[in-house]
Colleague: 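Here you go, one structure.
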Amino acid sequence: PIDRRRVIVAGLLSAGIVGAARESVARTRAMTANPKRGAKEEANTALLHRWYDQMWSNMNFALTPNLAGPVYVRHHSLAATDRITADQYVRLAGAAEPGGKVVDFAYRLVADGDYVGSIGRMVFASGHEWNWVQLFRIEDGKLVETWLPGMGGNDPRTYPTPKTAW
């Protein structure tokens, strides 16, 4: 026989858990919403989407001059900084995975003012995988500086290769 009291109690508990979960989701959304996010953050995020979706995912580095400033400063995890032109970046990035084809690519962005943070993963047909955490600074609609404190994956080569020490 079914114990009606247990069914009623279980139903009430379920309703309470579902209600609490809904309240928790609403509180989390309210806490993570950025009321200051405006046109600048939207434009800067769109720039990074083009950087990844149009340039890197298609290995189309000819787009670099459209996305990066005339001088692009890169701070690497190996305590090195280099200043390169867009043309130099085209050559460097193209050499990173020659003839490469991206087969899996996922990333997330968060923007605040002139800065956009990125965390992601890219897998090439060669089997090489890159994982990163990166911060970009945007000026006048172009990427002008980046910090790459974390780069991992299974690619035995170090990309980007540091040129000079801080």
Colleague: Do L109 and H49 have side-chain heavy atoms sitting under 4.5 Å apart?
Modeller: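 Contact flag for L109/H49 side chains = yes.
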
Colleague: Could you label the plane-to-plane angle of the W130 and W56 rings as parallel, tilted or perpendicular, counting under 30° as parallel and over 60° as perpendicular?
Modeller: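 The arrangement is perpendicular - the two ring planes meet at more than 60°.
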
Colleague: Once you measure the plane-to-plane angle for W132 and F105, does it fall in the parallel (<30°), tilted (30-60°) or perpendicular (>60°) bin?
Modeller: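 Correct class here is tilted.
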
Colleague: Atom CG in L143, atom CG in L47: separation rounded to 0.5 Å?
Modeller: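 Between atom CG of L143 and atom CG of L47 there are 4.5 Å.
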
Colleague: Using the side-chain hydrogen bond (donor to acceptor under 3.5 Å, both in side chains) rule, collect all pairs that involve residues 58-73, keeping only residues at least two apart or in two chains.
Modeller: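 Not a single pair qualifies under side-chain hydrogen bond (donor to acceptor under 3.5 Å, both in side chains).
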
Colleague: Is a side-chain N or O of N44 found less than 3.5 angstrom from the main chain of G113, in a donor-acceptor match?
Modeller: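 A pair under 3.5 Å: yes.
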
Colleague: Under the salt bridge (charged side-chain N to carboxylate O under 4.0 Å, His left out) rule, what pairs show up with a residue in residues 113-128, not counting sequence neighbours?
Modeller: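 The answer is K40-D114, D104-R121, R121-E129.
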
Colleague: Please tell me if the side chains of V102 and F124 come closer than 4.5 Å, counting only heavy atoms from C-beta onward.
Modeller: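 Answer yes - side chains close enough.
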
Colleague: Hey, could you give me the CZ/CG distance between F136 and L67, rounded to the nearest 0.5 Å?
Modeller: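 It comes to 10.5 Å.
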
Colleague: Parallel, tilted or perpendicular: which describes the rings of W51 and Y89, with under 30° parallel and over 60° perpendicular?
Modeller: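 It falls in the tilted class, 30° to 60°.
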
Colleague: Roughly how far, to the nearest 0.5 Å, is CG of L63 from CZ of R50?
Modeller: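 Atom-to-atom, R50:CZ and L63:CG are 9.5 Å apart.
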
Colleague: Is V144 isolated, or which residues cluster with it under the ILVMFWY side-chain rule of less than 4.5 Å, directly or via members?
Modeller: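 Same cluster as V144: nobody, lone residue.
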
Colleague: Give the ring-plane orientation class for H75 versus W147, where under 30° counts as parallel, over 60° as perpendicular and anything between as tilted.
Modeller: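 Parallel.
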
Colleague: Side chains of Q134 and S118: do they bring a donor and an acceptor to under 3.5 Å?
Modeller: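 Result is no, nothing qualifies.
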
Colleague: Excluding sequence neighbours, so at least two apart, what forms side-chain contact (heavy atoms from CB on, under 4.5 Å) with T85?
Modeller: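 By the side-chain contact (heavy atoms from CB on, under 4.5 Å) rule, T85 matches D87, Q88.
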
Colleague: Mind checking what makes salt bridge (charged side-chain N to carboxylate O under 4.0 Å, His left out) contact with D53, not counting sequence neighbours?
Modeller: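 Once residues adjacent in sequence are excluded, D53 has no partner under the salt bridge (charged side-chain N to carboxylate O under 4.0 Å, His left out) criterion.
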
Colleague: Can you sort out the partners of A125 under side-chain contact (heavy atoms from CB on, under 4.5 Å), two or more places apart, ordered by chain and number?
Modeller: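 Per chain and number, A125 pairs via side-chain contact (heavy atoms from CB on, under 4.5 Å) with K101, V103.
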
Colleague: Does the side chain of T146 reach to within under 4.5 Å of the side chain of V73, using non-hydrogen atoms?
Modeller: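 Sidechains of V73 and T146: no contact.
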
